[in-house]
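Values below: all heavy atoms of this structure, side chains included; hydrogens, waters and symmetry mates excluded. Reminder, nothing fancy here: chain letters follow the sequence lines and each chain counts from 1.
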There are 2 protein chains.
Amino acid sequence: MGERVTIRDVAARAGVSVATVSRVLAGNYPTSTASRAKVLRAVKDLDYVANAHARALAGAGRKTIAVLMYDVVGAFYAQVAQGVEMEAAQHGRLTLVSSTGSDPARELALVQMMREQAAEAVVLVGGVTQDDEYRQRMARYAEVLAAAGSRLVLCGRPAPAPDVPALVVEYDNEAGAHAVTSHLLGAGHRRIALLGYQPGNTTGEDRLAGYLRALADHGVPRADAVLHGVGFGQNHGYRAMRDLLDAADGKPEFTAVFAGDDRAAAAAVIALREYGLRVPEDMSVVGYNDDPVAGDITPGLTTVHIPAEEMGRTAVRRALSGASGTGQERHVLGTHIVIRHSVRPLRGGSAAAGAGGALD
Amino acid sequence: MGERVTIRDVAARAGVSVATVSRVLAGNYPTSTASRAKVLRAVKDLDYVANAHARALAGAGRKTIAVLMYDVVGAFYAQVAQGVEMEAAQHGRLTLVSSTGSDPARELALVQMMREQAAEAVVLVGGVTQDDEYRQRMARYAEVLAAAGSRLVLCGRPAPAPDVPALVVEYDNEAGAHAVTSHLLGAGHRRIALLGYQPGNTTGEDRLAGYLRALADHGVPRADAVLHGVGFGQNHGYRAMRDLLDAADGKPEFTAVFAGDDRAAAAAVIALREYGLRVPEDMSVVGYNDDPVAGDITPGLTTVHIPAEEMGRTAVRRALSGASGTGQERHVLGTHIVIRHSVRPLRGGSAAAGAGGALD
DNA sequence: CTGAAAGCGCTTACAG
DNA sequence: CTGAAAGCGCTTACAG
């Protein structure tokens with residue numbers, strides 16, 4: 001339908017030059033009240049909107065922020081994306097979202113596309129397997145992006161090397177695991193099963209580290225640690241819990257479960273019930289992430305809140321304010337434990353457990 | 001850092017004209033093997049990527065699909081967004097995501113921005129209050145978008161009028177409500193409370209209509225319908241359930257609850273437990289949406305699955321294949337009921353309830 | 001305060 | 001198969 005109306009059409013109808021139209025619209029240069037009125041009138045009459053591509057080519061216009069992640073439906077990813085989008089919008093930027101499905105080839109292709117789009121920053125989200133291949137890949141992204149005046153932002157994943165010019169926004173994953181494990185230990189639990197440990201994955205490794213450190217801090221021998229399952233999420237959590245229960249014939253030695261994430265924890269609660277074990281009466285359970293599900297189930301899950309949306313916001317805030325491309329910048333946001341109803345003090349444990357409102 | 005490398009640089013290094021470089025890269029025109037090799041070599045050496053804006057201006061390049069929704073973290077929205085993104089990616093399109101926060105002014109501003117970006121389609125997602133203002137607004141969007149060769153797609157919200165040139169992708173919301181209510185009726189329930197009715201909101205109205213129709217079909221007098229609460233979600237669901245229970249002093253006349261959505265249903269289960277009522281033994285509960293939470297809680301929630309991701313996919317598939325701008329096109333996707341463990345047959349009810357696997 | 005003109009980096013008829 | 005040139009729709013020094 002109808003040919004697109006251009007700045008030339010507006011200029012003609014307003015009886016001024018295209019330069020004047022451009023200036024009136026940009027508002028960054030003096031223009032007479034008369035021209036302004038005529039131009040605005042013409043813009044309205046013709047329902048003109050500028051061509052963003054032409055604007056960008058000429059070196060002006062709205063920039064865009066790109067966020068690349070495994071998928072969009074995971075609560076963590078969705079929250080980070082939301083934070084990115086909101087902060088970007090606040091700064092007049094548009095947000096491009098793409099999912100990589102953890103395919104490095106696709107990820108690379110997307111980074112290239114974002115270079116083509118002249119994205120102001122490219123935000124990569126979520127835990128990874130940190131190996132040499134990963135480090136090299138990220139270093140290369142950072143370099144090419146910096147060369148194009150853009151910026152690589154690593155969100156919830158580690159910096160590949162100290163000298164890579166990336167902006168890193170993480171949360172204190174290890175500390176959160178330490179805190180929630182300590183909470184369990186403080187409540188008197190000694191045998192705590194860690195569910196869904198993911199070897200290699202940075203997120204899983206950090207949680208394991210926090211768990212082990214808490215055990216050590218409380219004098220629990222490493223031999224008493226119970227690790228089982230691979231991977232997070234509902235299915236893995238259920239499977240791992242069943243395995244453990246099956247192996248122990250429904251009478252496990254451990255009295256508490258630290259699930260890799262809340263969805264795994266929720267599934268563990270179900271598996272426990274199927275074995276006739278009540279939470280928290282017979283088994284205490286904690287999760288991680290403060291996923292919406294943590295507040296939706298009974299009992300409410302004690303878990304670790306991670307500032308996902310804030311990470312997204314911080315990612316773009318820093319990307320926009322930083323000296324582009326130079327050096328590495330790192331931000332670690334705090335986590336905090338959210339106490340609900342899934343932990344119960346054991347014997348002489350402290351009274352740390354059991355607080356919190358019904359829906360919180 | 002480093003000046004951006006352009007097609008001219010590539011041409012110079014390869015010893016050919018920019019036209020040849022363009023042709024080699026586009027691959028839509030014959031080029032000699034020799035030139036091709038030289039160009040590809042130069043592209044690699046210089047790490048060249050084309051400027052998407054210049055490409056777009058010249059009338060080529062990757063297009064983009066825009067999706068505008070209330071927010072990104074709601075499970076429904078996230079799923080639709082995921083569907084849009086995946087289908088768009090499959091067709092070589094990029095996806096721009098923005099949240100409107102249900103602010104019409106912001107929505108309008110975003111539609112304008114998408115016109116500027118020359119988005120190939122603009123997808124608006126989610127239920128609305130359908131009044132004249134809404135209809136006019138959508139009609140206008142459809143018109144200006146069509147004039148710009150783009151397309152307005154309404155996803156999960158009604159067409160404003162039959163002649164508005166929009167693409168509408170809905171799901172059979174009323175039928176889903178009818179089915180799940182009938183499931184309850186089939187299990188012998190007569191007094192069924194509808195929780196979280198949202199007057200005015202199209203999604204809420206349709207669910208109410210399905211509920212009432214099922215009641216009528218089963219000969220339950222309209223006077224036996226119980227409607228309470230405004231709005232969906234955890235907080236509203238909890239509040240509404242508590243209200244009803246408080247009013248009945250914990251001994252409600254109804255034996256089943258149809259919550260407006262799954263998160264409200266999950267909260268209702270919690271409220272019921274606080275009153276010592278077990279689900280499904282003392283009260284059957286069903287939800288809507290097949291939100292992840294439905295499978296995460298105990299008992300698993302019987303609910304209505306809505307094809308959110310498929311809606312997103314259909315939205316872009318149709319937008320890309322349709323004759324642009326012409327007329328209205330409407331697609332209604334089916335819903336189906338997902339039976340888990342939150343419904344229990346009453347007295348002489350049929351044996352319809354109680355099936356389904358542990359985690360499903 | 002305003003206009004003519006160059007230029008942003010591509011693509012694509014038009015000649016050859 | 002290849003190149004010179006026009007053109008996409010803006011913005012912004014440069015004159016005035």
Side-chain angles (χ1 to χ4, degrees), chain A residues 2-40 42-43 46-63 112-113 115-119 147-150, chain B residues 2-40 42-43 46-63 112-113 115-119 147-150:
Chain A
E3 291 306 295
R4 180 156 184 149
V5 8
T6 74
I7 196 173
R8 208 176 306 277
D9 301 317
V10 176
R13 179 175 251 257
V16 299
S17 71
V18 297
T20 296
V21 174
S22 176
R23 287 174 186 132
V24 167
L25 263 22
N28 56 4
Y29 208 80
T31 45
S32 71
T33 316
S35 324
R36 211 171 314 138
K38 285 188 290 185
V39 168
L40 262 20
V43 164
L46 298 173
D47 194 24
Y48 168 76
V49 294
N51 180 319
H53 296 302
R55 212 171 230 176
L57 228 209
R62 203 177 303 283
K63 310 287 288 181
Q112 298 292 49
M113 281 184 217
R115 279 218 282 159
E116 296 182 356
Q117 301 294 325
S150 181
Chain B
E3 293 306 295
R4 182 156 183 147
V5 7
T6 74
I7 198 174
R8 207 175 307 277
D9 301 318
V10 176
R13 180 175 251 260
V16 299
S17 72
V18 298
T20 296
V21 175
S22 176
R23 287 177 186 128
V24 167
L25 262 22
N28 55 3
Y29 208 79
T31 45
S32 71
T33 315
S35 325
R36 211 171 314 138
K38 285 187 291 182
V39 168
L40 263 18
V43 164
L46 299 172
D47 193 24
Y48 168 76
V49 294
N51 179 319
H53 297 301
R55 211 169 231 177
L57 228 208
R62 201 178 303 284
K63 311 286 291 180
Q112 298 292 50
M113 282 184 218
R115 279 217 282 159
E116 295 182 357
Q117 302 293 324
S150 181

Gap between atoms [atom1] and [atom2], on [X] and [N] respectively (whole Å):
X	N	atom1	atom2	answer
A:Tyr29	D:dG16	OH	C1'	11 Å
A:Arg62	D:dC10	CZ	P	14 Å
A:Asp9	D:dC10	CG	C1'	13 Å
A:Glu116	C:dC10	CD	C1'	12 Å

Quick one, A:Arg4 with A:Val49, criterion side chain to side chain contact (heavy atoms under 4.5 Å, CB included). Give me CA distance, side-chain angles, the key distance, then yes/no. CA-CA 9 Å; A:Arg4 180 156 184 149; A:Val49 294; 4.0 Å; yes
Determine the Euclidean distance between corresponding P atoms of D:dT2 and D:dA6; express it in Å to zero decimal places.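 Approximately 22 Å lies between the P atom of D:dA6 and that of D:dT2.
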Taking atom P in both D:dA13 and D:dG9, what distance in whole Å separates the two?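 The answer is 23 Å between these two P atoms.
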Short question: side chain of A:Arg62, backbone of A:Ala52 - any donor-acceptor pair under 3.5 Å?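 The answer is no, because no donor-acceptor pair under 3.5 Å joins these two groups.
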Can you identify which nucleotide, out of [options], has its nearest atom closest to the [X] side chain?
X	options	result
B:Ser35	D:dC10, C:dC1, D:dC1	D:dC1
A:Leu57	D:dT12, C:dT12, C:dC8	C:dC8
A:Val16	C:dG3, C:dC10, D:dC10	C:dG3

Between A:Pro30 and A:Gly59, just flag the one whose closest nucleotide in DNA chain C comes earlier from the 5' side.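 Going by which nucleotide is closer to the 5' end, it is A:Pro30.
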Where each residue is assigned the nucleotide of DNA chain D containing its nearest heavy atom, which of B:Ala34 and B:Ala58 is assigned the position nearer the 5′ end?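 It is B:Ala34, whose closest nucleotide lies nearer the 5' terminus.
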So what does the secondary structure string of DNA chain D come out as, 5' to 3', with Watson-Crick or wobble pairs under 3.5 angstrom, [ ] for crossing and | for pairs with another strand? |||.||||||||.|||
Let's see if you get this right: which residues in residues 17-26 of chain B place a heavy atom under 4.0 Å from DNA chain D?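 The stretch gives B:Ser17, B:Ala19, B:Thr20, B:Arg23 as the residues lying under 4.0 Å from the strand, ordered by number.
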